[in-house]
Amino acid sequence: MTNEIRSLKARLIGDPLPSEKLEGQLLPKHLALPIFASDPLSSVAYAPQELLMILLLGGMAFLTFAPWVAAVVVLLLVVVVASYRQLVKAYPSGGGDYEVAHRNLGEKAGLVVASALLVDYVMTVAVSVASGVDNIISALPTLDPFRVELAVAFVVLLAGVNLRGVRESSKAFAVPTYLFVGSVFVMVVTGLVRTALGNAPVAESAAYTIDNVEHTTQAAFVLLLLRAFASGCSALTGVEAIANGVQAFRRPKIRNAQTTLVLMGSIAIVLFVGLITLALVSHVHYAERACDLQGFTACATTPQRSLIAQIAAATFGGGSVLFFVVQATTAAVLLLAANTAFNGFPLLGSILARDSYAPKALSTRGDRLIYSNGVIVLALVAVALLVVYRANVTSLIQLYIIGVFVSFTLGQTGMVRHWLRLLRSDRDGSADEPVDRGQVWRSLTINAIGATSTFVVLVVVTITKFTHGAWLVFVIMPVLFVLMLGVNRYYRDVSHEVEADVDTQFGATGDHAIVLVNTLQKPVLKAIDYAIAAQHAGLEAVHVAIDDAEARRLQEQWVEHGIEVPLTVVPSPYRDISMPLIRYIKAHRAEHGSEVVTVYTPVFVVGHWWETLLHNHRGRRIRKKLLLVHGVTVALVPWLLDSSELLYGRRSRPLPGQERRGEPVRPALRRSPQGVSHHDAQEDRLLRSVQRNSLQPVGSPVQRDGLQPRRASRPAGPAEGVDPTQCTGEVHLLVPTPARRDGGRS
C-alpha cells in the first residue's frame, strides 16, 4: 500500500485485473445458476400473477381455465429447454440464437435476432426491477410514492455490482436466488400440506368479486385465453441467456451449460406450478385495476398486494417472519433477475462488435475483465424506460417477451437448417467427421417442435399484445436492424479504404518541425526541447501575431533568453490563429516539396474537472484544423500542472492509518505564524513542477550535481527567408533542471 489515493473508479468497482485472471472469472455450475437463471426463476413471481389477472377479466368462472393454460406454458418450457440443450451443443461459442440464425439463415435473419435480443435484455431489466419494487411496496406500502426513484436506484446498484466483475456479481447474487427458491418451495409445501389437512390458506382477496367483466363472445373467449397464455409465457424469458453465455462457464463448458439449463427449467416448473396451485386454492383475486375488485374499499389509497404476497400472508400470516422472508427474497431475486440481462447484453454486444455490427467499444473488456461499456449502455436505456413507464409492471410487460419469441423462433429454425445440412453433408460424404445420424435426427425433431411451438406463441403474443403497447417493439426492432446494418457497411467501407495495397506510395522527402508559440513560458520551452531532441532536419518557432505589441515583446524575450531556434512571426489582421498558420505551412510545403511538417503544441494536464473549462480550448481548435492539412502531423507536449498530481495521489494528506502503519508520507509544508506559506513552499512547488516536466531522467548527473542549465542537443539554424538577427541570441538556457531533493517524479 502506498500513500497514493486510489481513484474513485477503483474504489467503486475494484482494482484492475490482469488478462491471465480471466479463467478465474469463469463460473462453476453453482454460481452460474443464479447469474444466468435468475430471470426465468424469478419470473415465476409475476408470470402466474399476470396469467390469473388476464383470466379474471372474463369473470370469476374463467379462473377454472388456469390449470390448463398453465399446463401448456409448462409444456412449452420443457420444449424450449430441450431445444436449447441442442443449441448449446452445436454452437458453444456463446453466440446463441444470433450466431445460429446468422450462420444458417443469413445476415438479415441474424440481425433480426440480434435486435430482438437487445430489446429483450432491456425489457428484462425494466420488468424485473419494476416487479421487485412492486413486491417491496406490497410489504411496505408507504414507499409507493417513491416507486420510480427506487427502481432507478436499484438499476444503478445492479450496474455497479456487475462492473466489479462476473465472479463477484455471481457471488453477490447466489445467496438471494437460493433463498428465494428455498422460501417459495417451503411456502408451496406448507400450503399444500395445510390444504391436505383440511386447513387451506385463504387469501385476503378471496371475498372480492370482479366488476367491469369483459363481454365473453366466442371470439372474446378465445382471445382472452390466448392473452392469458401469452402473459404466462413470460415465465420462459431468460432461457436463452445460458446459450448466449456458454463461454462464461468453466470447463467442460458444454456439459456444465446443459446441466445448468436443465436445473433452471426444473426449478422454474416446480415453482410456477406450485404458485398457480396455491393461488387457486387460496382464491387469490388480482385485478389489472385494483378498484375493479368489488369489496376492496381502500383501492384508491392502498396498492393491492402482489399474488405471491397474498399467498405468503395466507400461508404464514401477514405479520409473520416467514411472510417478510418470502417478500424480501422475492424482491431481491426479482431485482437480481436483471443480472441475466447484465450478463447477456454485454456478451451479445461484444459479439456484434466483433462482427462489425456494433461500435468496437462494446468489444473491449474493462478493468474487471467484463464488457463494461455494454453494462453502462444497458443501465442507461433501462433507466429511461422505467422513468417513462413510471415503473409500472403491467405497462412494461406488454413490451416483454415478443423479442424473446422472435429470437426463439429464428434460433430454432436455424438449428433445423443446421441439422439438415449436417445430414446432407454426411450423405454426400463431405462431412468433416463421422455423424451419428440417429442423434442428429433426434436433435432435428426436438428443434423442429421447438421452432413450430415458438412460432405459434409468437403469433399469439403479437395478436394479443399489439394494441396494448407491443407495437412499440415492432418499431424499435427495425430501427436497431437498420442501425446495425449501417454500422457494418460503414466499417466495411472504412476497412476497404485503409487496406494496405501495393499501389499506394507515400513519398515524403523532408522533415520540418514547427513549435507553436503564444507566450514564452515553460511549456513552450519544453516543446522546443522535445523538437530539438527529435532531431528534425529543420526547426523553427512560429508565433501568430494578434497583438503587435505582444509580438514585439515575445521577440525581445526570445533574444533575452538566447534561444537558438528561429522565431517566425506570422501576422493575423483578423485575430484568427488557425488560418494564417495553415497558409504559412502550405506556403512552406509549396516551396520545399513533399516535406512532412510536425507542429508541436503544448497542452496542460490538469487534475480538477473544472480546470478543463479554463485551459486548452484554443489549442484544441487549432489542432482540429491542422489535422485536415495535407502533410501535417501534430505532436502534443504535455505540461503537468501542480493539480495533475491529484490524478495519482495527493502530496501532503495521508490516507487514514498510514502513519500507524509506518508508511512514508510527505511532510506538510511549513507555514509562518501569520498563516502564509514559507518561502520553501514555493520553491518546493516549483521544484516538483520542473521534476514532473523535465526530460532529464531521475538521478541523472545534472540532477545529482544541483541546479544546472540544460542546453539544446544541437543548434537549429533559422528557416529560409527569416532574418536570423531577430531570432537568435547568445544565451543557451532552455529549462533549468534542479537537483533531486525528495524523490519527486521526473
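Below, all heavy atoms of this structure are taken into account, side chains as well, without hydrogens, waters or symmetry copies.
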Evaluate the side-chain proximity of L348 to Y98: yes if any heavy-atom separation is below 4.5 Å, no if none is. yes

Whether K526 side chain and Q521 backbone form a donor-acceptor pair below 3.5 Å: no

Heavy-atom pair with the smallest gap, counting every atom of V122 and V381: CG1-CG1, 3.6 Å

Taking the side chain as C-beta and beyond, is there a heavy-atom pair between L636 and R623 under 4.5 Å? yes

Is there a side-chain contact between I476 and L118, using heavy atoms and a 4.5 Å cut-off? no

Report yes if some heavy atom in the side chain of R575 is under 4.5 Å from a heavy atom in the side chain of D547; otherwise report no. no

Closest heavy-atom pair and its distance - R621, S578: O-OG, 4.4 Å

Can a donor-acceptor pair be found, under 3.5 Å and without considering hydrogens, that links the side chain of W558 to the backbone of V565? yes

Taking side chain to side chain donor-acceptor pair (under 3.5 Å) as the test, write out the residues that go with H617, two or more places apart. R620

Heavy-atom closest pair (V155 atom, A379 atom, distance to 0.1 Å) is CG1-O, 3.8 Å

Assess whether side chain to side chain contact (heavy atoms under 4.5 Å, CB included) is satisfied between H630 and K586, documenting all intermediate values. CA-CA 9 Å; H630 183 66; K586 288 183 176 180; over 6 Å; no

Please report the shortest heavy-atom distance between A126 and L386, naming the atom on each side. O-CD2, 3.4 Å

Under a 4.5 Å cut-off applied to non-hydrogen side-chain atoms, are I585 and L626 in contact? yes

Please test I563 against L525 for side chain to side chain contact (heavy atoms under 4.5 Å, CB included), starting from the C-alpha separation and ending with a verdict. CA-CA 9 Å; I563 302 173; L525 297 176; 3.7 Å; yes

State which residues pass side chain to side chain donor-acceptor pair (under 3.5 Å) with N373; sequence neighbours excluded, sorted by chain then number. none

How long is the span from the CG atom in L352 to the OG atom in S363, to the nearest 0.5 Å? 10.5 Å

For side chain to side chain contact (heavy atoms under 4.5 Å, CB included), just list the numbers for H615 and L641, CA-CA rounded to whole Å, side-chain angles, deciding distance to a tenth of an Å, and then say yes or no. CA-CA 11 Å; H615 297 292; L641 293 180; 4.0 Å; yes

Would a 4.5 Å heavy-atom cut-off, applied to side chains only, mark L554 and V517 as touching? yes

CE of M579 to OH of Y574, rounded to nearest 0.5 Å, is 13.5 Å

When rounded to the nearest 0.5 Å, the distance separating CG of L117 from CE of M477 is 9.0 Å

Is the shortest side-chain heavy-atom distance between L567 and H543 below 4.5 Å? yes

Partners meeting ring pair (Phe, Tyr, Trp, His ring centres under 6.0 Å) with Y357 (sequence neighbours left out): H102

Side chain to side chain contact (heavy atoms under 4.5 Å, CB included) for F345 and V375? Distances and angles first, verdict last. CA-CA 7 Å; F345 185 96; V375 171; over 6 Å; no

Return a table of donor-acceptor pairs under 3.5 angstrom between the side chains of residues 479-495 and protein atoms on other chains or two or more places apart.
from, atom 1, to, atom 2, distance (Å)
N488, ND2, D355, O, 3.3
N488, ND2, S356, O, 3.4
R489, NH1, E107, OE2, 3.2
R489, NH2, E107, OE1, 3.1
Y491, OH, K360, N, 3.1

Less than 4.5 Å apart, any side-chain heavy atom of V570 and any of L581? no

What is the minimum heavy-atom distance between V129 and A151, and which atoms define it? CG1-O, 3.4 Å

Nearest 0.5 angstrom please: I528 CD1 to E540 CD, how far? 11.5 Å

Which distance, rounded to the nearest 0.5 Å, do you find between the CD of Q557 and the CD of E560? 6.5 Å

At what distance, to the nearest 0.5 angstrom, does CG of L378 lie from CD1 of I376? 11.0 Å

Among residues at least two apart in sequence or on other chains, which ones pass salt bridge (charged side-chain N to carboxylate O under 4.0 Å, His left out) with E556? R553

Looking at every heavy atom in both A545 and A551, which two are closest together, and how far apart are they? CB-CB, 3.8 Å

Enumerate the side-chain hydrogen bond (donor to acceptor under 3.5 Å, both in side chains) contacts for residues 595-604, please, sequence neighbours excluded, ordered by first and then second residue. H536-Y600, H588-E595, T598-T633

